[in-house]
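One structure below.
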Amino acid sequence: MSEDAMHGMNVTIRIQRFTPMPERGHARRHSSSPFGGKARTGSPFGSSPSRRRIRGKHFSQDYDFEAQPGQTVLDCLLDIKRTIDPTLAFRYSCGHGICGSDAVSINGTPTLLCTAKVEDYAKPQSNQPATNNTAVDGFRPTGTTQQTARDTIGHNASEQTPEQTSDEDDQPRASLNAGDSRNPDALNSSTENENAAPNPALIEIAPLPGFPVLRDLIVDIDQMMNQIRKLEPYLKADGKLATTTDGQIDMFEYLQKPEELKRYELLSNCISCGICEGSCPVYAGGEAFIGPAALIADSRFINDSRDNATDQRLDAIATADGITACQSVRACSRECPRGIDVGEEMWQLTERVKSRQNR
Ligand code: SF4
Ligand code: FES
């Protein structure tokens with residue numbers, strides 16, 4: 001067994017955190033939300049309170065961590081939360097890539113925390129001091145989390161501060177670079193000495209792009225779920241009773257050939273994680289767009305031979321902020337955890353809507 005395999009890998013996990021301010025008497029709505037502002041003028045998809053910007057404090061926080069072989073980034077965050085900083089907020093449920101609740105951006109790539117292996121995402125970082133990029137109700141300065149990869153991984157650089165854990169003999173693997181997890185002014189003290197040993201590898205985690213942040217890595221997915229709901233993602237069959245040679249029986253039976261099932265089977269695996277939305281420059285970029293997740297849900301039934309509402313479904317998305325807003329960038333296809341070629345599905349929908357309009 002290699003030394004690395006026995007001792008694990010020292011990594012710095014840098015998290016873009018957000019602490020919301022207490023709500024005032026009435027919430028500010030829409031004014032700074034590009035989604036709400038553009039979509040509320042007659043759009044059936046875009047209007048939602050979740051599009052408002054939540055006021056609060058953005059800051060970046062580093063945790064030094066000794067990751068064990070095979071650990072996922074979710075495992076690391078759970079250890080950090082249990083052993084060093086219970087205030088860290090993130091969402092997860094199944095832990096196995098099934099529920100889609102833990103989509104975040106890791107090193108700028110939208111992905112699921114529970115399927116992201118540390119060894120796949122840990123990148124070498126330079127010995128430059130980390131920047132304390134804190135802003136009250138403001139934007140993070142761009143580039144502060146994008147450290148260049150120059151130096152090799154520093155396996156001994158992660159020092160634990162004794163007072164940060166209650167039991168050092170228990171070998172807690174997470175440590176905080178600053179004493180107060182909510183005090184950004186105290187952050188990154190361990191990186192002040194440029195002559196120190198090489199920094200450990202770096203993993204940068206941020207909330208999923210394109211969604212309003214509620215706290216730390218937790219984003220508001222209401223808008224996405226409402227958009228999916230508006231397209232009525234359930235079977236609308238003809239409702240005819242199945243018959244036998246003896247006549248009608250009191251049950252519904254929807255027969256399908258294997259090749260018909262094949263047309264939508266993969267689409268039915270969508271877990272509504274929102275990764276395609278976070279990857280989409282149109283949706284995450286702030287344009288009024290129903291988004292690829294809702295369109296995938298629509299396409300799943302459009303391609304189902306048992307469904308009788310195809311025309312109605314195509315009409316529902318033939319709007320300026322429906323499939324028409326898709327720019328065919330196809331970034332949505334790259335990171336889908338269920339292997340759906342989202343961009344290709346968007347293209348197929350575009351073609352079907354066009355051919356229906358030209359009829
Ligand atoms: S299509 Fe893929 S990336 Fe998009 S919501 Fe569904 S599972 Fe997630
Ligand atoms: S926790 Fe369910 S998909 Fe990651």
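We count ligands from 1, going down the list as the structure has it; atoms in each ligand are counted the same way. Residue numbers count from 1 along this sequence. Because the structure is predicted, anything quoted here is derived from the model rather than measured.
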Cys276 N/O/S atom closer than 2.8 Å to atom 4 (Fe) of ligand 1: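 Checking Cys276: at least one N, O or S atom is under 2.8 Å.
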
Could you check which of Ala103, Cys114, Cys94 puts a non-hydrogen atom nearest to atom 4 (Fe) of ligand 2?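 Ranked by closest heavy atom to atom 4 (Fe) of ligand 2, first place is Cys114.
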
How far is [atom] from its nearest protein heavy atom, and which residue and atom name does that atom have?
atom                    : result
atom 1 (S) of ligand 2  : Gly95 N, 3.0 Å
atom 2 (Fe) of ligand 1 : Cys336 SG, 2.3 Å
atom 1 (S) of ligand 1  : Val342 CG2, 3.7 Å
atom 6 (Fe) of ligand 1 : Cys270 SG, 2.3 Å

Is it the side chain (CB and beyond), the backbone, both or neither of Ala103 that lies under 4.0 Å from ligand 1, heavy atoms counted?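 It is neither part, as no heavy atom is under 4.0 Å.
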
Please classify the Ile271 to ligand 1 contact at 4.0 Å (heavy-atom distances, strictly less than): side chain, backbone, both or neither.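 Both backbone and side chain.
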
From CA spacing to verdict: side chain to side chain donor-acceptor pair (under 3.5 Å), Ser279, Glu335: CA-CA 8 Å; Ser279 310; Glu335 309 299 338; over 6 Å; no

Consider side-chain hydrogen bond (donor to acceptor under 3.5 Å, both in side chains). Of Gln61, Arg91, Arg17, which one does Asp216 pass it with?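 Exactly one option meets the side-chain hydrogen bond (donor to acceptor under 3.5 Å, both in side chains) with Asp216, and it is Arg17.
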
Using only heavy-atom distances, determine whether the side chains of Asn358 and Ser355 contain a donor-acceptor pair under 3.5 Å.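 Absent: no donor and acceptor within the cut-off.
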
Under 3.5 Å, is there a donor-acceptor pair between the side chain of Thr12 and the main chain of Asp62?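 A pair under 3.5 Å: no.
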
